[in-house]
Number of protein chains: 2
Amino acid sequence: MANEREVTIYDIARELNISATTVSRGLQDHPTISKKTKKKIFELAEQLGYRSNHFARSLRNQKTNTFGIIVPRLNSHFMSSVIAGIENAANEHGFSLLIAQSSESSVKEASSVRTMFDSRVDGLLVSLAVDTTELNHFEHFFKKNIPVIFFDRVMPHENSVNILIDNRQAAYNATRHLIEQGCRRIMHITAPTLQNVYKDRLKGYKEALGEHKIKFREDYVVITNLSQEAGAEVAKSILKMKTLPDGVFVSNDSCAVGCMLALKEQGIRIPEDIAFAGFNNDPVTQVIEPHLTTINYSGYEMGQVAARHLINHVKDVSFVSSTNTIILRSELIVRASSLKKGRK
Amino acid sequence: MANEREVTIYDIARELNISATTVSRGLQDHPTISKKTKKKIFELAEQLGYRSNHFARSLRNQKTNTFGIIVPRLNSHFMSSVIAGIENAANEHGFSLLIAQSSESSVKEASSVRTMFDSRVDGLLVSLAVDTTELNHFEHFFKKNIPVIFFDRVMPHENSVNILIDNRQAAYNATRHLIEQGCRRIMHITAPTLQNVYKDRLKGYKEALGEHKIKFREDYVVITNLSQEAGAEVAKSILKMKTLPDGVFVSNDSCAVGCMLALKEQGIRIPEDIAFAGFNNDPVTQVIEPHLTTINYSGYEMGQVAARHLINHVKDVSFVSSTNTIILRSELIVRASSLKKGRK
DNA sequence: ATAAATAACACAATCGGTTGCAATTTTAGA
DNA sequence: TCTAAAATTGCAACCGATTGTGTTATTTAT
C-alpha cells in the first residue's frame, strides 16, 4: 500500500554512473551530451517510469507553464465554451489550466486570485464577477508584471488587455431590429449595470430608442440575475402591467427563454403580442418556439483568442504589445421570435 | 517594466533579523513561535506583499493540494455542472483544480494524464473518452497509489473508485415507461457501447423489451455521437423507414431534441406518432415542445460526491475505503413528450 | 610529437519553503 | 542567586531539477 518513491533524475544518474547534470541535459536533448548517453538515459527513464517533476522545474525556472482562469460560473453554455476554447489553444502550446469560479462573488474572486498567484501561474484569464467594481485584488499580478487578460466581463486597466465584443453596438442592433419590426414599447431585461457588458447594452438600447424618438422609460428596464427562473418572474410582472410591452430585449438567452415560456403559458403570442430578442446564441434559442432572435458571438473563439494572446505575451519576452482592447465580431441573428412583419 | 523580484521568507527574515525558519513557522502559526514575533512577521509579510510559493512548498511537502480533472469535453451542460460541483467541494477544502479535456480521444486523454502526473496532482477525477478501452495510461497513478476516481463514464479497476448512476435501471425505466404508454416499435439512439454508460443503457433497454415480449431489433439501435446534429441526421433516416417507430429512447437530451425538431418540421406529431424519452435532464428538455421525458441525475452532485470522496482519501492517511463503486440516485421524469395516454 | 581545439561530462549553487534537532534565551522555583 | 524547566529561535539538510563554469578526455592541426 505504501506509495512508491518518486523516481528522480538522481535515480537514473546513479544507475548509469553519470551525474544528474548529464541526465537533466540528456532529457532536454542538450547538444553537448553524446547520442549514446542520451539513448541510455531515455531508455532507463522509460523503464523506471520517470516523469519530470513539474514543481521542481517550475521552482528552478521561475515559470510554471500554467495559466489561471477565473470565471463567474463554470456551468453556463457560454463560459464552458470559452474554457473549451482556452483549453484548446493552451494545450497546443503545452500550457496547463488552473480553473476556479467566483460564483459571481467578488470576495471569492479575490480569494481565487490569491490562490492563482500562490501557484505562480504565468498568466491569468478572467471574466469578472457581477459585483466586482475595482481591480485592487489583482495588484499582486500587476506589480509583478504577470499578464492578466480580461474577457467578456472586463474592466479597463493600463496593465491588462480586454477582449470583448461591442456590446453597445450589438444591443443597438437588436433594439433597432425590434423597432423596425414595429415595436414601440420595448422592455430591457438585464443584470446590474456595474459591469461593462450590461452597461453598454443598456446604452445601445437607449441609443436605438432615442434615434427613433421613442421615449426611454425607467420602468421598462428590469434588473435581474438573468437566470431562466428570473425570466419567469419578470413574465409575471409583465402580465400585471396595464399596457403590455410589445417587445423585449433580454441580455441573455436563457432568461429570455424563461420569460417566453411563462408568457406563452398565459396565452401571450410571440412575436405577435410581444417580440423577443436575446443575447449569446445559446443552443436553446433554436429549440424554443418560436426560435429566438439573438446576438451571436463565439465563446470558443473568444477563449482561443484570449489564450493565444496570453501565450504570445508569455513566450516572447520581447513581445511588447500596445494592444489594450480586442473587439471580436458579433452579429444579430434574426429568428421568428421577433418577426412581426412576417418572414423575410 | 522589469518584473519585481519574488518576495520570499528570506526577505522577511533579513528585515526582521530572524531566521527563515522562524518566519516559516510564524506564517504557519506554529506554537513554538512567540506571539510578538508572529505579529511582526505577519505585518511585514502583508506590507511586502509576500505570498507563499506553492511550488516550493509542494516540492518539499510532496503534496500539491491540487486535483486533476479530465473530461471528454468541457462544454456540455452535464460536464460543466459536474465541474462546478467539484470546484465547489474542492474549494471548500483548499484544493485547486487542474482541468483538461480529452475531446473524446483516448490519445489526448493519455497525454493529459501524463501532464497531470507531471504536475503531481494529489488525485485525479476522470470521465473517460468515448473510445477509451483500457486503463494502461493510468499506470503511473496506480503504481504510486495516487487516487483516481472515475465518474459517469467509468471502467472498473481494483485501485480506483467509480461514481455513477445505475444506467441499466434508468434505461429500463425509461423504456418500460414508453412501453406502458403503448409503444411497441421503440428505437434506441445511443453512442458506441464501449463505454459502460451506453452498454448498460442498451442492456436496460433490451431488458424492458424482453420483459414485455417485444422482440429486439438490431436495426432499431442507432449508434451516433449524440450531438444535436446527429439527432437531426437520425430523424432523416427515421423518415425513410417503411413503418415508423412509435417511440424513441435517446441516450442524451440534446440529441433527442435535435431529432424531435427535425421530425416535427416534417409534420410528425410528438408524442402521438412517436414518443420520446431522453437522458440527463438538460435544461433544454423543458424548452422543447412537447417537454422531454428524461432521466434526471445531478451532475453538480456527482461532482461534489466525487470531490469529497477524493478529499477524504487524500486528507486522511488512514482512510482505507473498501468502497469500489458509488451509485447515485437517478429518476425518470415524465413529461409530455412521452404521454400518449393523456396527462395523468 | 606537441600544442590547441573540441567534445563530453561533473561540481556546486540555486529556486523557496519545511523540519528534526541543537542552541539559546527566558521564566520559574528553591 | 543559582539551576532546572520551558519557551524561543536557528542551523543545516532536504525536496527535484537546472545551469554557469570548470575539468578531463579525445581530436585535430601543425
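Order of the sequence lines sets the chain letters (A, B, ...), proteins ahead of strands, with each chain counted from 1.
- For the pair B:Arg60 CZ and C:dG20 C1', the interatomic distance rounds to 9 Å; values are reported in whole Å.
- At the heavy-atom level, A:Tyr10 lies under 4.0 Å from base atoms of the strands shown.
- Around the CD atom of A:Glu46, the shell of radius 6.0 Å holds no more than 12 heavy atoms that belong to other residues, nucleotides or ligands.
- Counting non-hydrogen atoms under 4.0 angstrom, B:Asp11 reaches nothing in the nucleic acid.
- Taking the side chain of B:Ile9 as heavy atoms from C-beta on, and the options C:dT18, D:dC11, C:dA10, the nearest nucleotide is C:dT18.
- Backbone-only contact: B:Arg57 has heavy atoms under 4.0 Å from sugar-phosphate atoms and none from a base.
- Atom pair A:Ile18:CD1 and D:dT18:P shows a separation of 14 Å (rounding to whole Å applied).
- Panel note: side chain A:Ser119, backbone A:Met116; no donor-acceptor pair is recorded below 3.5 Å.
- OP1 and OP2 of D:dG16 both lie 4.0 Å or more from every side-chain N or O belonging to A:Thr8.
- Side-chain N or O atoms of B:Gln28 include none that pairs as donor or acceptor with a backbone N or O of B:His30 at under 3.5 Å.
- Listed by chain and residue number, nothing satisfies the ring pair (Phe, Tyr, Trp, His ring centres under 6.0 Å) test with B:Tyr300 (two or more places apart in sequence, or in another chain).
- Residue A:Ala56 has its side chain nearest to D:dG16 when only D:dT18, D:dG16, C:dT19 are considered.
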Mind listing the side-chain donor-acceptor pairs of residues 121-129 of chain A below 3.5 Å, one per line with the distance, residues two or more places apart or on another chain?
unit_1: A:Asp122; atom_1: OD1; unit_2: A:Thr64; atom_2: N; d: 3.0
unit_1: A:Asp122; atom_1: OD1; unit_2: A:Thr64; atom_2: OG1; d: 3.2
unit_1: A:Asp122; atom_1: OD2; unit_2: A:Thr64; atom_2: N; d: 3.2
unit_1: A:Asp122; atom_1: OD2; unit_2: A:Asn65; atom_2: N; d: 2.6
unit_1: A:Ser127; atom_1: OG; unit_2: A:Phe151; atom_2: O; d: 3.1
unit_1: A:Ser127; atom_1: OG; unit_2: A:Arg153; atom_2: N; d: 3.4

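- At least one side-chain heavy atom of A:Ile18 sits under 4.5 Å from a side-chain heavy atom of A:Val23.
- One interatomic measurement links the two molecules: CG of B:Asp118 to C1' of D:dG16, which rounds to 13 Å at whole-angstrom precision.
- Nearest-nucleotide mapping onto DNA chain D: of B:Arg120 and B:Ala20, the residue sitting toward the 5' end is B:Ala20.
- Distances shown here put a side-chain N or O of B:Thr22 below 4.0 Å from the OP1 or OP2 atom of D:dG10.
- Across residues 27-42 of chain A, A:Thr32, A:Ile33, A:Ser34, A:Thr37 each have a non-hydrogen atom less than 4.0 Å from an atom of DNA chain C (numbered order).
- Closest approach to the B:Thr21 side chain among D:dA17, C:dG17, C:dT19 is made by C:dT19 (side chain taken as heavy atoms from C-beta onward).
- Across the protein-nucleic acid pair, B:Asn65 atom CG and C:dG17 atom P stand 16 Å apart, rounded to whole Å.
- In DNA chain C, consecutive stretches of 3 or more Watson-Crick or G-U wobble pairs with both distances under 3.5 Å are given as paired ranges: C:1-30 with D:1-30.
- For D:dG20, its base sits under 3.5 Å from the side chain of A:Arg25 at one donor and acceptor pair at least.
- No contact: A:Ser58 has no heavy atom under 4.0 Å from any strand.
- Atom-to-atom, CD1 of B:Ile12 to C1' of C:dG16 comes out at 12 Å; the value is rounded to the nearest Å.
- Distance CG/B:Leu310 to NZ/B:Lys315: 11.5 Å, rounded to 0.5 Å.
- We find that CG of B:Leu59 is positioned 9 Å from C1' of C:dG17, with the value rounded to whole Å.
- When atom types are taken as modelled, the side chain of A:Ser112 and the backbone of A:Lys108 share a donor-acceptor pair closer than 3.5 angstrom.
- When distances are taken from the side chain of A:Ser52 to each of D:dG16, D:dA17, C:dG16, the shortest belongs to D:dA17.
- The main-chain N or O of A:Ser58 is never found under 3.5 Å from a side-chain atom of A:Asn61 such that the two would form a donor-acceptor pair.
- Picking from C:dG17, D:dG10, D:dC15 the nucleotide with the shortest atom distance to the side chain of B:Gln62 gives D:dC15.
- Residues in residues 65-84 of chain B take part in no salt bridge (charged side-chain N to carboxylate O under 4.0 Å, His left out) pair, two or more places apart or across chains.
- Residue A:Asn61 has its side chain nearest to D:dT18 when only C:dG17, D:dT18, D:dC15 are considered.
- Distances shorter than 4.0 Å separate some side-chain N or O of A:Ser24 from OP1 or OP2 on D:dT18.
- In this view, A:His157 and A:Phe142 satisfy the ring pair (Phe, Tyr, Trp, His ring centres under 6.0 Å) rule, not counting sequence neighbours.
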